Amino acid sequence: MRQIHIPNRAILPLVLSIAATFATTRESRGADPSIPPFDAIEKTALAYFEELPDYLPGDLITRTQVEPLLDQLKKMGLPLPDEAEILESVPDKNSFIVKQLSTPAGRKFMRSIARFPDAYDRVDRLSRLPRGKQTVRDLIRGP
């Protein structure tokens, strides 16, 4: 099975976009008042990430971090038909890139590249090339 690569920075906007779709549908149809309004969903998602220890905006987000957020959103009444696809697109805590970016040097590297579009996707792709994992390690330890 080929993994779907959604740039990590897109996970929060992806969840919010799903939420906006449901909220807009709810408001335009006047149906299903159990679906929470978009601003409540956005507030919950942003508050969730603010509470994560050692998390700064732009940091790599892992599946273990996203799962509790999706659970919170479902408890609020947000239907998430694409939950499996969302989770599959987020790197697992045991993936190479997460392990490398979880070290002190890796966090420093991660935060220096986070401002570049698709940076995590590019590092992930690089790691899959021949000698790519060693190249990523060298980049993290490099000058």
Side-chain angles (χ1 to χ4, degrees), residues 1-28 32-143:
M1 174 193 280
R2 187 165 187 264
Q3 186 174 4
I4 300 167
H5 287 283
I6 296 176
N8 197 264
R9 297 177 128 216
I11 297 301
L12 183 57
L14 176 65
V15 170
L16 294 177
S17 137
I18 292 167
T21 301
F22 280 108
T24 303
T25 303
R26 179 189 80 145
E27 290 167 5
S28 65
D32 200 356
S34 66
I35 297 174
F38 175 74
D39 59 339
I41 295 165
E42 180 181 38
K43 184 179 177 182
T44 300
L46 293 174
Y48 172 80
F49 283 105
E50 285 176 3
E51 292 174 5
L52 289 178
D54 297 327
Y55 175 81
L56 295 178
D59 282 1
L60 185 71
I61 299 171
T62 65
R63 191 172 303 158
T64 3
Q65 292 171 318
V66 172
E67 285 173 334
L69 172 61
L70 296 182
D71 288 342
Q72 280 184 0
L73 295 176
K74 286 190 299 188
K75 286 178 185 171
M76 289 176 61
L78 180 67
L80 291 172
D82 298 331
E83 178 179 8
E85 186 177 341
I86 292 169
L87 290 174
E88 193 61 32
S89 68
V90 182
D92 186 70
K93 68 179 180 180
N94 295 320
S95 70
F96 173 79
I97 191 169
V98 171
K99 286 181 178 179
Q100 296 305 305
L101 298 180
S102 296
T103 66
R107 273 193 294 279
K108 183 178 178 184
F109 175 76
M110 171 181 61
R111 290 174 179 158
S112 71
I113 66 168
R115 66 179 183 265
F116 299 110
D118 301 325
Y120 299 133
D121 183 59
R122 291 173 196 258
V123 170
D124 182 52
R125 289 175 189 258
L126 175 62
S127 74
R128 296 171 195 269
L129 295 173
R131 296 188 38 83
K133 289 183 178 180
Q134 187 57 49
T135 303
V136 170
R137 287 185 195 104
D138 293 342
L139 285 169
I140 290 172
R141 284 194 315 254

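The figures here come from the full heavy-atom set of this structure, side chains too, leaving out hydrogens, waters and symmetry mates. Positions are given from 1 along the sequence. What you see is a predicted model, and the numbers here were worked out from it, not measured in a lab.
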Check your understanding: Mind checking whether Arg137 and Gln100 have side chains closer than 4.5 Å, heavy atoms only?
Key -> yes
Review point. Does the distance from a Lys or Arg side-chain N to an Asp or Glu carboxylate O, for Asp71 and Lys75, drop under 4.0 Å?
Key: no
Check your understanding: Would you say the side chain of Val66 lies within less than 4.5 Å of the side chain of Leu87, judging by non-hydrogen atoms?
Key -> yes
Exercise for review: Apply the side chain to side chain contact (heavy atoms under 4.5 Å, CB included) test between Leu60 and each candidate in Ile113, Val98, Val90; give the one that qualifies.
Suggested key: Val98
Point to revise | Sidechain-backbone polar pair: Tyr48 side chain, Gln65 backbone, donor-acceptor under 3.5 Å | key: yes
Check your understanding: Does the side chain of Val123 reach to within under 4.5 Å of the side chain of Phe109, using non-hydrogen atoms?
Key -> yes
Check your understanding: Do Ser95 side-chain atoms and Pro91 backbone N/O form a donor-acceptor pair below 3.5 Å?
Key -> no
Exercise for review: Please examine the side chains of Arg122 and Leu126, heavy atoms only from C-beta on, and report whether any two atoms are closer than 4.5 Å.
Suggested key: no
Point to revise | Which atom of Met110 lies closest to which atom of Tyr120, heavy atoms considered | key: CG-OH, 3.0 Å
**Study point:** Atom pair OG1/CZ of Thr103 and Arg141 - distance to nearest 0.5 Å
**Key:** 10.0 Å
Exercise for review: Would you indicate whether the side-chain heavy atoms of Asp121 and Arg125 approach each other to under 4.5 Å?
Suggested key: yes
Point to revise | Nearest-0.5 Å distance, CD1 of residue Ile140 to NZ of residue Lys108 | key: 12.5 Å
Revision key, fill the gap. Rounding to 0.5 Å, atoms OG (Ser127) and CG (Leu139) come to a distance of 11.0 Å
Review point. If we only count heavy atoms from C-beta on, is the Lys74 to Glu83 side-chain gap below 4.5 Å?
Key: yes
Point to revise | Side chain to side chain, Leu52 and Asp59, heavy atoms closer than 4.5 Å | key: no
Check your understanding: How far does OG1 of Thr44 sit from CE of Met76, to the nearest 0.5 angstrom?
Key -> 3.5 Å
Check your understanding: From Ile61 CD1 over to Phe49 CZ, what is the distance, rounded to the nearest 0.5 angstrom?
Key -> 4.0 Å
Point to revise | Shortest non-hydrogen contact between Pro36 and Gly77, atoms and distance | key: CD-C, 3.6 Å
Check your understanding: CG/Leu78 to CD1/Ile35 distance, rounded to the nearest 0.5 angstrom?
Key -> 7.0 Å
Check your understanding: Charged N to carboxylate O below 4.0 Å: is that the case for Lys43 and Asp39?
Key -> no
Check your understanding: Are any of the side-chain heavy atoms of Asp92 and Thr62 separated by less than 4.5 Å?
Key -> no
